[in-house]
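For the numbers below, each heavy atom of this structure counts, side chains included, while hydrogens, waters and symmetry mates do not.
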Amino acid sequence: MKTLKEAKIGETVTVVKLTGEGPVKRRIMDMGLTKGTLVHVKKSAPLGDPIELTVRGYELSIRKAEAENVIVE
């Protein structure tokens, strides 16, 4: 298993599991990253953080620290 942080640009992955505690996990779920969701990694900022994703038909930017809490396949 790998994390969303490790996904390559242009890759489409499926969320398998969320890790993290309390408010961090809740925030990730509120952004639409829930189990079974398809996520397309669009691009990353010039210095690598944040990364831009397409989730459920909308654009989302998250920091790599948050992306580490999303297990994908």
Notebook entry, point to check: Under a single-linkage rule joining Ile, Leu, Val, Met, Phe, Trp and Tyr whose side-chain heavy atoms are separated by less than 4.5 Å, which residues share a cluster with Met1?
Noted result: Val16, Ile71
Check: Got a sec, which hydrophobics cluster with Leu47, joining ILVMFWY side chains under 4.5 Å apart, including via others?
Finding: none
Note to self: Given Val13, which partner from the list Thr37, Thr3, Val70, Val39 fulfils the side-chain contact (heavy atoms from CB on, under 4.5 Å) test?
What the structure shows: Val39
Checklist line | Flag side-chain contact, heavy atom, 4.5 Å: Asn69 against Leu18 | finding: no
Note to self: Is any side-chain heavy atom of Ile62 closer than 4.5 Å to one of Pro50?
What the structure shows: no
Margin query: Can a donor-acceptor pair be found, under 3.5 Å and without considering hydrogens, that links the side chain of Thr12 to the backbone of His40?
Written below: no
Check: Closest heavy-atom contact between Val41 and Ala7?
Finding: CG2-CB, 3.8 Å
Next item on the list: Locate the shortest heavy-atom distance separating Gly32 from Val55; write the atom from each residue and the value.
Entry: O-CG1, 3.7 Å
Checklist line | salt bridge (Lys or Arg N to Asp or Glu O under 4.0 Å) partners of Glu6, counting only residues at least two apart | finding: none
Checklist line | With sequence neighbours excluded, residues passing salt bridge (Lys or Arg N to Asp or Glu O under 4.0 Å) with Arg56 | finding: none
Margin query: Grouping I, L, V, M, F, W and Y whenever their side-chain heavy atoms are under 4.5 Å apart, do Met29 and Val15 come out in a common cluster?
Written below: yes
Next item on the list: Group every Ile, Leu, Val, Met, Phe, Trp and Tyr by side-chain heavy-atom contacts under 4.5 Å, then state whether Leu60 and Val24 land in the same group.
Entry: yes
Check: For residues 58-70, which residue pairs qualify under salt bridge (charged side-chain N to carboxylate O under 4.0 Å, His left out), counting only residues two or more places apart or in two chains?
Finding: Lys5-Glu68, Arg27-Glu66, Lys42-Glu59, Asp49-Arg63
Item checked: Candidate pair Leu53 and Leu4, rule side chain to side chain contact (heavy atoms under 4.5 Å, CB included), full reasoning -> CA-CA 10 Å; Leu53 312 170; Leu4 188 55; 3.7 Å; yes
Next item on the list: With sequence neighbours left out, write down each residue that passes side chain to side chain contact (heavy atoms under 4.5 Å, CB included) with Lys43, or none if nothing qualifies.
Entry: Glu52
